[in-house]
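We count residues from 1, following the sequence as given. Here the structure is a predicted model, which means the values were calculated and not measured.
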Amino acid sequence: MKTTRILLLLVAAIVFSACGTSRVVPVTGRRQKVYSNNSEILTQSLTQYKNYVGSAKLSTNAANTAMVKRVGQKLASAVETYLRNNGYADEVNNYNWEFNLVADNQVNAFCMPGGKIVVYEGLLPVTQTEAALAVVLGHEIAHAVAYHSSEQMQKQSNINAIGQAASSILASGVGVNTANTVAQLYGLGSQVATLKYSRDNETEADHIGLIFSAMAGYDPNEAVTFWQRMAANSTNNRATWLSTHPSDAQRIAYINKILPEAMKYYKGGSTTTTTSSKSKKSMPTFRVK
């Protein structure tokens, strides 16, 4: 009877975790489950973004700030055109694009749902060219267009549901050994599942972002040299299966694999303008996310 009860609780948790809105990711065509209340995510994201920008120190380098905004807007225009032409016209209004350069030496950038993107000055000595910057911005835009935050929220909701079922199992009077096994398996399983999911998102963002940068007229081949520079600056030696990002070697190999696809969208209109010398400082060891 106890075994039957355990199975019923786990089945109920799995059925509950299937809830959410089904959606097809642009470019890759992957079917995903996302959080059903997207407007809630956009509202929370905007609030968090305003709080961050209000406390951050924006870059005083006018040339580099203009470059970030220029490259960002070219990408945003290409992305919106793609969305309108490929069945996602109703999602275009979800984006209110904004690109800011922050005076921070981290080698990083991030994008909030809704199209609010921040680049740290420390990234520019690594990107070096507008085409490489487009690779990074394309990657960040891809996270937003692929609804990765919404998907992650839905996944966390699923994990919480299964966790509640595990708690019920522990309270159902099973033996100590069984209870310990369930607790250990849930703890490790939920952690690894979340980490793996994040790596999948990063790989998908690399794919979509490379296509977007090509659509905007930037040479996709710049992605390989950019990630080679990132690899030379990397000190991340953690085992790949316990990392939230693919290794640099895996990333470069995957980009080389999808380059032929990206080149189909490239019309040869990229620029190789470099960043101003004011931003060429020593490179801290942070990772683009």
Side-chain angles (χ1 to χ4, degrees), residues 59 61 63-79 97 99-102 104-111 117-145 202-234 236 245-289:
S59 174
N61 187 310
N64 286 343
T65 297
M67 177 181 63
V68 169
K69 293 182 182 297
R70 178 173 63 253
V71 175
Q73 289 300 331
K74 284 184 67 176
L75 280 159
S77 177
V79 168
W97 304 103
F99 302 88
N100 279 307
L101 181 63
V102 171
D104 191 312
N105 286 332
Q106 291 186 57
V107 182
N108 216 337
F110 68 84
C111 178
I117 296 177
V118 169
V119 175
Y120 296 126
E121 281 186 328
L123 180 67
L124 299 185
V126 189
T127 56
Q128 298 182 6
T129 69
E130 288 196 23
L133 176 62
V135 169
V136 175
L137 293 181
H139 174 95
E140 298 303 332
I141 288 173
H143 278 308
V145 172
E202 290 299 325
T203 299
E204 186 170 59
D206 283 342
H207 185 168
I208 299 172
L210 196 63
I211 301 298
F212 285 164
S213 63
M215 288 177 179
Y218 294 99
D219 186 355
N221 289 290
E222 284 287 333
V224 175
T225 54
F226 165 70
W227 282 110
Q228 287 172 341
R229 289 194 293 271
M230 284 293 291
N233 189 53
S234 174
N236 183 9
H245 292 71
S247 70
D248 292 315
Q250 287 177 326
R251 206 162 206 163
I252 292 169
Y254 182 71
I255 288 172
N256 275 317
K257 180 180 177 180
I258 61 174
L259 266 177
E261 177 188 354
M263 291 302 293
K264 295 177 182 179
Y265 297 90
Y266 176 52
K267 304 303 181 183
S270 67
T271 177
T272 57
T273 302
T274 58
T275 57
S276 70
S277 58
K278 182 177 178 180
S279 288
K280 292 186 178 180
K281 307 171 184 176
S282 60
M283 298 183 291
T285 53
F286 288 78
R287 306 296 301 279
V288 176
K289 299 181 179 179

Between [atom1] of [X] and [atom2] of [Y], what distance do you get to the nearest 0.5 Å?
X	Y	atom1	atom2	result
Leu137	Phe212	CG	CZ	13.0 Å
Arg229	Thr127	CZ	OG1	7.0 Å
Asp219	Lys267	CG	NZ	13.5 Å
Leu75	Ile141	CG	CD1	4.5 Å
Met215	Ile208	CE	CD1	10.0 Å
Glu130	Tyr218	CD	OH	5.0 Å

List the atom of [X], the atom of [Y], and the distance in Å for their closest heavy-atom pair.
X	Y	value
Tyr120	Phe110	OH-CE2, 3.5 Å
Ala214	Ala262	CB-O, 3.4 Å
Phe99	Gly72	CZ-O, 3.2 Å
Ser59	Asn61	OG-N, 3.0 Å
Tyr266	Gly217	CE1-O, 3.6 Å
Ser213	Ala134	CB-O, 3.8 Å

Please name all residues satisfying side chain to side chain donor-acceptor pair (under 3.5 Å) with Tyr265, sequence neighbours left out, ordered by chain then number. none
Return the set of residues passing side chain to side chain donor-acceptor pair (under 3.5 Å) with Glu261 (not counting sequence neighbours), or none when no residue passes. His207
Set out, in order, the CA-CA distance, both residues' side-chain angles and the distance that settles side-chain contact (heavy atoms from CB on, under 4.5 Å) for Val119 and Val136, then state yes or no. CA-CA 9 Å; Val119 175; Val136 175; 5.7 Å; no
Tell me every residue that passes side chain to side chain contact (heavy atoms under 4.5 Å, CB included) with [X], counting only those two or more places apart in sequence or in another chain.
X	result
Ala223	Val135, Leu210, Ile255
Ser77	none
Ala205	His139, Ala142, His143, His148
Asn100	Tyr49, Val53, Leu58, Lys69, Glu98

Are the side chains of [X] and [Y] in touch, meaning some heavy atoms are under 4.5 Å apart?
X	Y	value
Asp104	Val118	no
Leu124	Leu101	yes
Asn108	Leu123	no
Gln128	Leu133	no

Among all residues two or more places apart in sequence or in another chain, which pass the salt bridge (Lys or Arg N to Asp or Glu O under 4.0 Å) test with Asp206? Arg251
Check whether Gln250 reaches the backbone of Ser247 with its side chain - one donor and one acceptor, N or O, closer than 3.5 Å. yes
side-chain contact (heavy atoms from CB on, under 4.5 Å) evaluation trace for Glu121 with Asn64: CA-CA 9 Å; Glu121 281 186 328; Asn64 286 343; 5.8 Å; no
